[in-house]
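Data block below; observations after.
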Amino acid sequence: MLLDLNLPRPDGLTQTLLWLGQDEQVQLPVSDMDLEQLVLELAEEANYLLRDKDV
């Protein structure tokens, strides 16, 4: 996967909301990504998942 922020993974909605509500200012890692390639991969995966299905 292209996007991996190495952030802590809260266990459950309550923990996620508490974690998101922190006042702590943390500098998140930044990296370049190939947006065109990401969109193409997502489209291919969506086509695979929807193949032979009525949507």
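Residues Leu42 and Met33 are members of one and the same hydrophobic cluster, defined by side-chain heavy-atom contacts under 4.5 angstrom among Ile, Leu, Val, Met, Phe, Trp and Tyr.
Through direct or relayed side-chain contacts under 4.5 Å between Ile, Leu, Val, Met, Phe, Trp and Tyr, Leu18 connects to no other residue. With a 4.5 Å cut-off between side-chain heavy atoms of Ile, Leu, Val, Met, Phe, Trp and Tyr, the cluster of Leu17 takes in Leu13.
Partners of Glu36 under the side chain to side chain contact (heavy atoms under 4.5 Å, CB included) rule, at least two apart in sequence or in another chain, are Asp34, Leu40.
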